[in-house]
S.K.: 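Right, I'll just put the structure down here and ask away after.
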Number of protein chains: 2
Amino acid sequence: MTASRVLRDDPQVLPATRERVRAAAAALGYRPNEVARSLRLGRGSGLVGLVVTNLANPFYSRLALGVDSVVVKDGLKTVIGNTGQDPHAERELVADLVARRVDGIIAVPAGADQRHLAAAAAEGVPVVLASRPPEGFAADCVLVDDFGGAHDATARLVRRGHRRIGFLGSPPAVHTGTERLRGYAAALSAAGLAVDDRLVRQGQTEPHEATRAAADLLALREPPTALFCSNNRNTIGAFRAIRALRSSGGPEVALAGFDDFELADALGLPLTLVAYDSDELGRAAARLLATRLNATGPGTATRGRPVPPPRQVVVPTSLVEYEGGR
Amino acid sequence: MTASRVLRDDPQVLPATRERVRAAAAALGYRPNEVARSLRLGRGSGLVGLVVTNLANPFYSRLALGVDSVVVKDGLKTVIGNTGQDPHAERELVADLVARRVDGIIAVPAGADQRHLAAAAAEGVPVVLASRPPEGFAADCVLVDDFGGAHDATARLVRRGHRRIGFLGSPPAVHTGTERLRGYAAALSAAGLAVDDRLVRQGQTEPHEATRAAADLLALREPPTALFCSNNRNTIGAFRAIRALRSSGGPEVALAGFDDFELADALGLPLTLVAYDSDELGRAAARLLATRLNATGPGTATRGRPVPPPRQVVVPTSLVEYEGGR
DNA sequence: CTGTTAGCGCTTTCAT
DNA sequence: ATGAAAGCGCTAACAG
């Protein structure tokens, strides 16, 4: 018992005793069992669950890093679950995190169905959404200015004289993709241009799929003179198609896309990118979670205390130009 | 009690009762508390700790993905801890993972001091090292063929006629860096060339540092005609220095490096890279851990049963050539 | 087949 | 300032 007090820095211990305990603990290499602690304390396990679709995508790894940097400061740890786009895996993962009594969940849901997250929230596990808004339940969330960023990038292409601008994006179920499509469409409308469905290709998740889709667009009878891509996977894929076209003597095609990425300056092609701080996205999500944990007390369902209303943070975007000169 | 049995799929339950329990559980949205389970079972927490220095480096995120893909199949989860090169943070992290009773730890230690990992292993938590061999204690490990890969890449530069080849690498404390330096040196020796210390720069961790170091080498009175870099951060940094030199009318400098990376084919510069399957590195590490968990039983210190000897897996490398044509 | 007892390692409460 | 008792949610071992 006294040992327990010492190791928790309870002041109610005689300094001499404390030292003896400390010495003994050190000698034995003793560390308290965190599993037993969290069981007794009734709080969560001191873990924050992070649910992403693909850690290999730098967007998600930066996000994870941002989350972890804040989470660690609160003495918690991050459990990363990778779902690989599989909705079933995501459901299982979330349920398991809840069973493990994580203190909170930060998720970038893959699809539109968020009932599993709603269930987690209902069981008293605070949920923060990153990059997608909550659907059908209340939760904090951190968004990127998808609409604005896409709008600005597209508008810039228009201002440079492009009238036929293709769109490459993720599957329609992904919120960011559709928001960015909206931004693209709005910029066209504002310029008095119609959205030509034949120039819109949604559904590419990996660069090679995007290369294929871009090549399709560029092979049309009336091909676009510029492409706007809704994420880094599509931009990289489209880049390869454009480069191939150019090296086979075809016309220059302008390229713009959402997400900045490493080596974007080195591709030998002018490139307009919508940049934002993806670490900050993670940090902001973790901060929202921390606030909520402080407000409601970790682990327990809201016990009487007033629940703060859901908050939403929007991370701003900016346009970056890469000259592509060599 | 009966409920407990049902939810554990214990066959000793009347089918009718089982259904009633299942129905009740579903109705209540009941899920067993994993924290309590692991406390009672005495096993670990069903978590595998992964310790890396920088998740934003694609090498580590791929590794993490590989680890997770295998770990999940065994019904476990991965806790990722990012240490940001800080040895102190790494010590704390490992101690904390042990206190959380993770079933095992997979680590890519940042420095040469591995006493914290040895301590974890001594407490009965199986440790698997990735990309560095254990120092001063027994543990399974997965290595890349650092020496061979570096040797082959350097030899190829030599065969192309280069006689002054610079080396850019990580701090000397990093095992891979020194092994790769050895491979570089061996290839030079084999060709009758001496290692010129003025052409060796160790210590760069981030691309911008590598750019600086490469620029230094290229500004020497007798500059190298080729550079070999011991990891992707250095290769990318060196690339920028070489590109800058070229665009200011300087000579062409050949570039080779360890680690393949996305867009390496798109840099407009010929590039020789040492490629290997970094997902496989993670998967292999996780498999080693799984084997050991099956052998010793999770959580408990080796209780009498014979402990299998440490195993070592080496992931092979291959050379990849990127033409860099535009 | 189902229920009772006991205890995993810790901490809160209540003595002393 | 220290210790004894009880219990967090679960399950192994033993009844019934």
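From a predicted model like this one, the values you see are computed outputs, not experimental measurements. Any value given below was found using the heavy atoms of this structure, including those in side chains, with hydrogens, waters and symmetry copies removed. Proteins get letters first, then strands, A, B, ... in listed order; numbering begins at 1 in each.
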S.K.: Kindly say whether, by distance alone, the side chain of A:Arg5 makes a donor-acceptor pair under 3.5 Å with the base of D:dG3?
M.R.: yes

S.K.: Which is true for A:Thr17 with a 4.0 Å heavy-atom rule: it touches a base, it touches only sugar-phosphate, or it touches nothing?
M.R.: sugar-phosphate

S.K.: Check this one for me: any side-chain N or O of B:Ser4 less than 4.0 Å away from OP1 or OP2 of D:dT11?
M.R.: yes

S.K.: Nearest whole Å is fine: how far is D:dG3 P from A:Leu14 CG?
M.R.: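 Distance, rounded to whole Å: 11 Å.
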
S.K.: Rounded to whole angstroms, how far apart are CG on B:Leu7 and P on D:dT11?
M.R.: 8 Å

S.K.: Taking any atom under 4.0 angstrom from a heavy atom of chain B, which nucleotides of DNA chain C are the first and last to qualify, 5' to 3'?
M.R.: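 The footprint of chain B covers C:dC1 to C:dG9.
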
S.K.: For residues 110-121 of chain B, dump all side-chain donor-acceptor pairs below 3.5 Å to protein atoms at least two apart in sequence or in another chain.
M.R.:
| from | atom 1 | to | atom 2 | distance (Å) |
| --- | --- | --- | --- | --- |
| B:Asp113 | OD1 | B:Arg115 | N | 2.9 |
| B:Asp113 | OD1 | B:Arg115 | NE | 3.1 |
| B:Asp113 | OD2 | B:Arg115 | NE | 3.4 |
| B:Asp113 | OD2 | B:Arg115 | NH2 | 2.8 |
| B:Gln114 | OE1 | B:Glu135 | N | 2.7 |
| B:Gln114 | NE2 | B:Pro133 | O | 3.2 |
| B:His116 | NE2 | B:Glu90 | OE2 | 2.7 |

S.K.: Rounding to a whole Å, what distance do you find between A:Arg20:CZ and D:dT2:C1'?
M.R.: 11 Å

S.K.: B:Gln12 has an atom CD; how far is it from atom P of D:dA13, in whole Å?
M.R.: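 It is 14 Å, rounded to the nearest whole Å.
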
S.K.: Can you tell me the distance, in whole Å, between the CZ atom of B:Arg8 and the P atom of D:dA13?
M.R.: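 Nearest whole value for this atom pair: 11 Å.
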
S.K.: Just the rounded figure in Å: distance from P of D:dT2 to CZ of A:Arg18.
M.R.: 9 Å

S.K.: For the CZ atom of A:Arg287 and the OG1 atom of A:Thr291, what is their distance to the nearest 0.5 Å?
M.R.: 8.5 Å

S.K.: Between A:Leu97 and A:Ile105, what is the shortest heavy-atom contact and its length?
M.R.: CB-CD1, 4.1 Å

S.K.: Within a reach of under 6.0 Å around CZ of B:Arg22, are more than 12 heavy atoms found that belong to other residues, nucleotides or ligands?
M.R.: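 For B:Arg22, atom CZ is crowded (more than 12 foreign heavy atoms under 6.0 Å).
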
S.K.: Could you say whether B:Met1 or B:Leu39 is positioned toward the 5' end of DNA chain C, judged by the nucleotide with the nearest heavy atom to each?
M.R.: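 Final value for this comparison: B:Met1.
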
S.K.: Would you say CZ of B:Arg8 has more than 12 non-hydrogen atoms from neighbouring residues, nucleotides or ligands within 6.0 angstrom?
M.R.: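 Yes, enclosed.
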
S.K.: Any side-chain to backbone donor/acceptor pair from A:Asp10 onto A:Gln12? Under 3.5 Å, distance only.
M.R.: yes

S.K.: Starting at atom CG of B:Asp10, determine the distance to atom C1' of D:dC10, rounded to an integer number of angstrom.
M.R.: 14 Å

S.K.: Starting at CG of B:Leu47, measure out to CD of B:Glu34 and round the result to the nearest 0.5 Å.
M.R.: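 If I round to the nearest 0.5 Å, the distance is 9.5 Å.
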
S.K.: CG of A:Leu41 versus C1' of D:dG9: gap in Å, rounded?
M.R.: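 To the nearest whole Å, that distance equals 14 Å.
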
